[in-house]
Amino acid sequence: MSATVSFQVPTPHGPRPMTVAYARKGAGDPLLLLHGIGHHRQAWDPVADILATERDVIAVDLPGCGRSPALPDGLAHDLPTMSAVLGAFCEALEIERPHAAGNSLGGLLALELGRTGRVRSVTALSPAGFWAPAERRYAFGVLTCMRHTARRMPVPLVERLSRTAAGRVVLTSTIYARPGRRSPEAVVAETLALARAEGFSETLRSGRQVRFADDVPGIPVTVAWGSRDRLLLPRQGVRAKHAIPRARLVRLPGCGHVPMNDDPALVARVVLDGSRGR
C-alpha cells in the first residue's frame with residue numbers, strides 16, 4: 001500500500017509540518033527500509049515481497065527523495081535531523097522501535113537510529129560513513145557526476161537506453177553489479193528520481209564531515225557489503241566492524257553498491273536473519 005503521512009517537526013522557527021511518502025505491506029514485526037541518496041523506496045522492490053512474508057515492511061521515501069518533499073526551511077539534511085524525522089515518522093504511524101534495514105545513506109541512518117535507541121535491530125548494506133577522506137571524495141565525486149548526468153539527459157534518451165541491457169549498463173553500472181537484471185521501467189524511474197531529488201545537494205554537503213565512529217550497543221547489528229561495490233569499497237566494511245565490534249559482518253558475493261537487485265534472495269535472507277528472534 002502506497003501512502004503519505006504528515007506530522008510536525010521542530011525547527012528554529014517553531015514546529016513545521018512534514019510529509020513522508022511510504023509503501024507498506026506484509027505482517028509481523030515492523031521493518032523500516034531506508035534507501036540511499038538520490039534513490040527512492042522502489043530500490044527495495046526486488047526484496048519487499050520476500051520480506052513481507054515475515055515482516056510488516058515499511059519502505060520510506062526519505063525527505064527530498066521520491067514522493068517525499070524536502071525538509072522544511074530551517075532544517076538541515078544532516079544525520080541528527082534525519083534521524084529525528086524518522087523517529088517522528090514512526091510515532092505518526094504508531095510503530096514502536098521497528099527493525100531497520102538501510103542501504104548506503106539509508107544504512108548510515110539505520111545505524112544512527114540504532115545508536116540513539118529508536119530501533120530494535122539494524123541491517124546496514126554498504127552503509128555510508130566508514131570511508132577514508134580520499135574514499136569519501138571519490139564517492140561524492142561519482143555521485144555528483146551521476147546527478148549531473150541524470151539532470152541533463154533527456155527523458156526520451158533515458159527511455160531508449162533502458163530498453164537494452166547495454167543501455168542499462170551505461171545508466172546504472174555504478175550501483176549495480178548486474179545492471180542488465182534491472183527492468184527498463186525501474187531504470188527510468190530511478191534515473192528520474194536522482195535527477196529530481198530535492199534534498200540531494202544539501203544531503204551531500206552535510207555528509208562531508210560525517211564519520212560513523214560510535215558503537216551501537218544493546219541491539220543486534222549486521223553490516224553487509226557487496227564484493228563488487230564500486231562506490232563504497234568493501235574494505236570499508238572492516239572499518240565498520242572495528243567501530244561496532246559486536247556487529248555481524250557479511251559478504252555479499254557478486255553484489256554491487258545497491259545489492260537488493262543483484263541478489264534479492266541473499267539480501268532478503270541477510271535482512272531477515274538480522275532481525276529474527278529479537
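Residue numbers count from 1 along this sequence.
Using modelled atom types, one side-chain atom of Ser206 and one backbone atom of His77 make a donor-acceptor pair closer than 3.5 Å. Using a distance-only test at 3.5 Å, with no hydrogens or angles considered, a donor-acceptor pair links the side chain of Arg211 to the main chain of Trp131. A donor-acceptor pair under 3.5 Å is absent between the side-chain atoms of Arg152 and the main chain of Arg147, judged by distance alone. Within the 3.5 Å criterion, the main-chain N or O of Gly199 finds a donor-acceptor partner in the side chain of Thr203. With hydrogens and angles ignored, the 3.5 Å screen pairs a side-chain donor or acceptor of Lys241 with a backbone N or O of Ala247. A donor-acceptor pair under 3.5 Å is formed between the side chain of Trp225 and the backbone N or O of Leu232.
Salt-bridge check for Asp215 with Arg115: failed, with every basic side-chain N at 4.0 Å or more from each acidic carboxylate O. Look at Arg181 and Asp262 and you find no salt bridge, because none of the NZ, NE, NH1 or NH2 atoms lies under 4.0 Å from a carboxylate O. Between Glu135 and Arg239, at least one side-chain nitrogen of the basic residue sits less than 4.0 Å from a carboxylate oxygen of the acidic one, meeting the salt-bridge criterion.
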The test is side-chain contact (heavy atoms from CB on, under 4.5 Å); show your working for Val258 and His39 and say whether it passes. CA-CA 10 Å; Val258 181; His39 221 147; 4.3 Å; yes
Walk me through it: do Asp49 and Lys25 pass the test salt bridge (Lys or Arg N to Asp or Glu O under 4.0 Å)? CA-CA 8 Å; Asp49 286 340; Lys25 64 171 64 177; 2.6 Å; yes
Taking it one step at a time, do Leu125 and Val267 satisfy side-chain contact (heavy atoms from CB on, under 4.5 Å)? CA-CA 9 Å; Leu125 310 175; Val267 170; 3.8 Å; yes
Can you check side-chain contact (heavy atoms from CB on, under 4.5 Å) on Tyr138 and Leu143, steps first, answer last? CA-CA 9 Å; Tyr138 162 76; Leu143 288 166; over 6 Å; no
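Between the side chains of His99 and Ser121, at least one donor-acceptor pair of N or O atoms lies under 3.5 Å. When only modelled atom types and interatomic distance are considered, Thr174 and His257 share no side-chain donor-acceptor pair under 3.5 Å. With 3.5 Å as the limit, one finds no donor-acceptor pair spanning the side chains of Glu190 and His40. Residues Thr19 and Thr4 bring no donor and acceptor atom of their side chains to less than 3.5 Å of each other. Using a 3.5 Å distance cut-off with no hydrogens or angles, the side chains of Arg182 and Tyr176 do pair a donor with an acceptor. With no hydrogens or angles considered, no side-chain donor-acceptor pair links Arg168 and Ser162 at under 3.5 Å.
Atom CG of Asp229 and atom CG of Leu252 lie 9.5 Å apart (nearest 0.5 Å). Leu31 contributes atom CG, which lies 11.0 Å from atom CZ of Arg24 (distance to the nearest 0.5 angstrom). Rounded to the nearest 0.5 angstrom, Ser104 OG and Leu34 CG are separated by 11.5 Å. Rounding to the nearest 0.5 Å gives a distance of 4.5 Å between CZ of Phe200 and CD1 of Ile37. From Leu86, atom CG reaches atom CG of Leu109 across 6.0 Å, with rounding to the nearest 0.5 Å. The structure places CG of Leu272 at 6.5 Å from OG1 of Thr53, a figure rounded to the nearest 0.5 Å.
Residues Ile95 and Leu51 fall within the same hydrophobic cluster, defined by Ile, Leu, Val, Met, Phe, Trp and Tyr side chains chained together at heavy-atom separations under 4.5 Å. Both Leu62 and Val5 are members of a single hydrophobic cluster when ILVMFWY side chains are connected at heavy-atom separations under 4.5 Å. Hydrophobic clustering (side-chain heavy atoms under 4.5 Å, transitive across Ile, Leu, Val, Met, Phe, Trp, Tyr) groups Leu231 together with Leu194.
Between Ala101 and Val271 the shortest heavy-atom distance is CB-CG1, 4.0 Å. Across Pro127 and Leu111, no two heavy atoms sit closer than the pair CB-CD1, 4.0 Å. Across all non-hydrogen atoms, the minimal contact from Ser126 to Asn103 is CB-ND2, 4.3 Å. The two atoms that bring Phe7 and Ala92 nearest to each other are CD2-CB, 4.0 Å, heavy atoms only. Contact detail for Val119 and Ala100: the closest heavy-atom pair is CG1-CB, 3.8 Å.
Annotation for Arg196: atom CZ does not count as buried by contact number, only 12 or fewer foreign heavy atoms lying within 6.0 Å.
Annotation: cation-pi pair Arg136/Phe140 present, NZ/CZ under 6.0 Å from the ring centroid and within 45° of its normal.
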Output side-chain donor-acceptor pairs under 3.5 Å for residues 63-74, partner residues at least two apart or in another chain, one line each.
{"unit_1": "Arg67", "atom_1": "NH1", "unit_2": "Ser2", "atom_2": "OG", "d": "3.2"}
{"unit_1": "Ser68", "atom_1": "OG", "unit_2": "Ala21", "atom_2": "N", "d": "2.8"}
{"unit_1": "Ser68", "atom_1": "OG", "unit_2": "Asp61", "atom_2": "O", "d": "2.6"}

